[in-house]
2 protein chains.
Amino acid sequence: MAASTVSYVLSGKRSISPETRDRVQEAVRVLGYRPNASARALASNRSNVLALVIPLRAGMHVPVLMQFATAVVTTARRYDHDVLLLTADEGRSGLERVSQSALVDALVVMDVELHDERVPLLRELPMPSVLIGVPADTEGLTCIDLDFFAAAEQCVDHLTDLGHHSIALLGTPSAVYARQTGFAHRTLAGFQAAAERRGVMGIETPCEPTFDAVLGTVGELLEAHPGITGLVVQNEPIIGPLLDVLRRLGRRVPEDMSLMAICADDVAERQVPQLSSVTLPADEIGQQAVEALIAKLEGHRTSAGVTLVPARLTARASTCAAPEAHSERTTA
Amino acid sequence: MAASTVSYVLSGKRSISPETRDRVQEAVRVLGYRPNASARALASNRSNVLALVIPLRAGMHVPVLMQFATAVVTTARRYDHDVLLLTADEGRSGLERVSQSALVDALVVMDVELHDERVPLLRELPMPSVLIGVPADTEGLTCIDLDFFAAAEQCVDHLTDLGHHSIALLGTPSAVYARQTGFAHRTLAGFQAAAERRGVMGIETPCEPTFDAVLGTVGELLEAHPGITGLVVQNEPIIGPLLDVLRRLGRRVPEDMSLMAICADDVAERQVPQLSSVTLPADEIGQQAVEALIAKLEGHRTSAGVTLVPARLTARASTCAAPEAHSERTTA
DNA sequence: CGTGGCGGTCGAAGCGCTTCGACCTTGTCC
DNA sequence: GGACAAGGTCGAAGCGCTTCGACCGCCACG
């Protein structure tokens, strides 16, 4: 029994007679044989490892990042790959290191800025990569993300349909805008476009993730624009505090203030009242990212370019008809 | 110039003349040469990769886990290692896979239960490992964790010193106790021991991380034991809601209710009022874990066994003398 | 019955490094 | 001045796999 035969049994790259295959598999089982990953990688020029780049930047909400990461790892395992974790602004040099040393076969890059310094590098590297997020110039890149523009539009449309004509976007911390993070910008653009299209007043403000900041931001917002009756939130950690702040300010949700969130469904459903939301399907996005990478690795000349996961809105208990509309109806 | 010479320059395992060294380094720089990781691993029997096992179990607070993970990655990089991410209860089989295939050199295992099924496996694996957390039987293991027993004791002592004699531990979600997670159990034990030693009444209750659960749990707690004036919280995500609940229940912090947390310092300082706390130094623990692993890899016959990071209490604005003591003092 | 083709197996040649022992040079000491 | 040691460098032998081309025996067809 030649070593090569065993190799072919394990990889399935050549046809093997059933008897031989069984004999090999039995022996593998009995001996508890595991191919040496380095030898395999050296000979085959494939490490079966993906790099996952998570820059832990200020203002990013960790549980969401972790949800992406988990989806990436889980999916990678399904395609027989492992995941190397890159963080902490090793940034460019980290990418160069792991790719040029052939430690990994491909890269998943998260938390992408509009003008991300890593993007030019990704174009040069002799290695497939997928971005979770969309930079300004997507030439030659494969990107996947939620369609945040549409997400914001749908929120505005939903509120406008309910009769609200003065609504605000309570966005991410300002640091996230400052560094021009893609998803925050696209949400903002969608919000503005939809507000204009529908002819409603749209105010935007960033918001830091502390109780006091929420209290201050929302307080000022409602003082400056008392007519606001609809809120769109893209900022998971402030959701809890926000509900408290509104309560404290005497605004009932949804009677006095309709509230929409762009967040994971379980987060929306965990609140009281349950929030109408556009879902952020981290699982789905992480999975698709890995699948796109695997396809690239297998040489499928498929779908480069940007894949935007369609926004899906679920109306729950935190939105209702605008107060004016409501009172009109009751007085009618 | 022999390849071996280059290898010796890069590894420093043999002395090289300064001229040769410079010449090699210059060439490496100019050519942008990077050693192939697989070839290196195959020849040297060292992959320079550590596995980090993060089972994302119910009730674990993700940001804290991520803080550990970041510390591990950062420290690993300082020792020229990378980190492979293992999650999603690949559990035992994942450990076997990466170690037997020599994908990694060593293992960091987080979120350890008292009777963790992975522990026997770790003893058998031909590969060093470090646990972040402490199981019941530590024979042959290297563990590192905060001294949660002492942490709880210090909280009780601090409150008792302030004159509180009826205090409660608001613990982790019950799922965490149910699976006998080490840190939760040791905190509980420390709390009970200290309460007994100091002769104060100590009540414990788990708490789920939702606003309603906090409201319910704390409501029932204070109804059943109205005399409680001190609270110890080991459950990061409920800290925000808890402050709101206490406000809603008309208990001022710290005047009516002293509050201690076991959590990261930045979390304690971000609250209003800032919380007296025993710090959970995830950075330090993650770093020490990696350093212990590296030491093992280098064959230092050092410190097996359990390393408990001493608990450090910082008094901030959320604790003060017990109401009775206070009134006694003011009436005196 | 002879021949061509094909499915199945094998041997050997690397993959790109590390490491060992050998070798050469130079300096040092008697 | 010669022998020896130490310091530097080199060549070759692997590390454990994958993969290529060759080979062998079998069946089907002419």
Side-chain angles (χ1 to χ4, degrees), chain A residues 1-49 79-82 96-106 125-127 297-299, chain B residues 1-49 79-82 96-106 125-127 297-299:
Chain A
M1 170 100 37
S4 48
T5 303
V6 177
S7 175
Y8 287 123
V9 169
L10 263 37
S11 72
K13 294 195 178 175
R14 280 195 182 180
S15 60
I16 295 287
S17 70
E19 307 87 67
T20 307
R21 185 166 9 89
D22 291 350
R23 228 151 45 89
V24 169
Q25 286 170 342
E26 175 64 11
V28 165
R29 217 181 45 68
V30 170
L31 302 176
Y33 168 78
R34 297 265 186 182
N36 178 298
S38 314
R40 195 178 253 233
L42 180 58
S44 67
N45 211 14
R46 279 298 194 78
S47 67
N48 273 30
V49 176
Y79 290 93
D80 200 31
H81 282 247
D82 273 286
E96 282 179 317
R97 185 170 50 79
V98 298
S99 57
Q100 291 177 14
S101 66
L103 227 192
V104 305
D105 292 335
L125 288 179
M127 179 165 294
L297 281 174
E298 295 185 344
Chain B
M1 170 100 38
S4 49
T5 303
V6 177
S7 175
Y8 287 124
V9 169
L10 262 38
S11 71
K13 294 195 178 174
R14 280 196 181 178
S15 60
I16 295 286
S17 70
E19 306 88 67
T20 308
R21 187 168 6 91
D22 290 351
R23 225 150 48 87
V24 169
Q25 285 170 343
E26 176 63 10
V28 164
R29 217 182 44 69
V30 170
L31 302 176
Y33 168 79
R34 297 265 185 183
N36 179 297
S38 313
R40 194 176 254 233
L42 180 58
S44 67
N45 211 14
R46 279 297 194 81
S47 66
N48 273 31
V49 176
Y79 291 93
D80 199 31
H81 283 247
D82 273 287
E96 283 180 316
R97 185 170 51 77
V98 298
S99 58
Q100 291 178 14
S101 66
L103 227 192
V104 304
D105 291 337
L125 288 178
M127 177 165 292
L297 280 173
E298 294 184 345

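For clarity, every value in this text was computed on a predicted model and none was experimentally measured. Chain identifiers are assigned alphabetically (A, B, ...) following the order of the sequence lines, protein sequences preceding nucleic acid strands; residue numbering begins at 1 within each chain. Just the heavy atoms: all of them, side chains too, but no hydrogens, waters or symmetry mates, feed the values below.
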For Arg21(B), which residues count as a side-chain contact (heavy atoms from CB on, under 4.5 Å) partner, sequence neighbours excluded?
Val9(B), Ile16(B), Pro18(B), Gln25(B)

Bend angle of the helix from dC1(C)-dG30(D) to dC30(C)-dG1(D), end axes from five pairs each (to 10°):
50°

Any residue in residues 14-25 of chain B with a heavy atom nearer than 4.0 angstrom to DNA chain D? Just list them by number, or reply none.
Arg14(B), Ser15(B), Ile16(B), Ser17(B), Thr20(B)

Residues at least two apart in sequence or cross-chain that pass side-chain contact (heavy atoms from CB on, under 4.5 Å) with Ala106(A), listed by chain then number, are Leu50(A), Pro128(A), Leu293(A), Leu297(A)

With sequence neighbours excluded, tell me which residues meet side-chain contact (heavy atoms from CB on, under 4.5 Å) with Ser7(A).
none

Under the side-chain contact (heavy atoms from CB on, under 4.5 Å) test, which residues partner Ser4(B), sequence neighbours left out?
Ala2(B), Tyr8(B)

Mind checking the CZ-CG spacing from Arg34(B) to Leu103(A)? Nearest 0.5 Å is all I need.
11.0 Å

Would you say Asn48(A)'s side chain and Asp80(A)'s backbone share a donor-acceptor pair under 3.5 angstrom?
yes

Residues two or more places apart in sequence or in another chain: which of them pass side chain to side chain donor-acceptor pair (under 3.5 Å) with Glu26(B)?
Arg29(B)

Pairs flagged by side-chain hydrogen bond (donor to acceptor under 3.5 Å, both in side chains) wherever residues 38-47 of chain A is involved - sequence neighbours left out
Ser47(A)-Asp105(A)

Review item, nucleotides 23-26 of chain C N/O atoms under 3.5 Å of protein N/O:
none

Span of DNA chain D in contact with chain A (heavy atoms, under 4.0 Å)
dG16(D) to dA22(D)

Excluding sequence neighbours, so at least two apart, what forms side chain to side chain donor-acceptor pair (under 3.5 Å) with Ser17(B)?
Thr20(B)

Residues in contact with DNA chain C, drawn from residues 29-48 of chain A - heavy-atom cutoff 4.0 Å:
Leu42(A), Ala43(A)

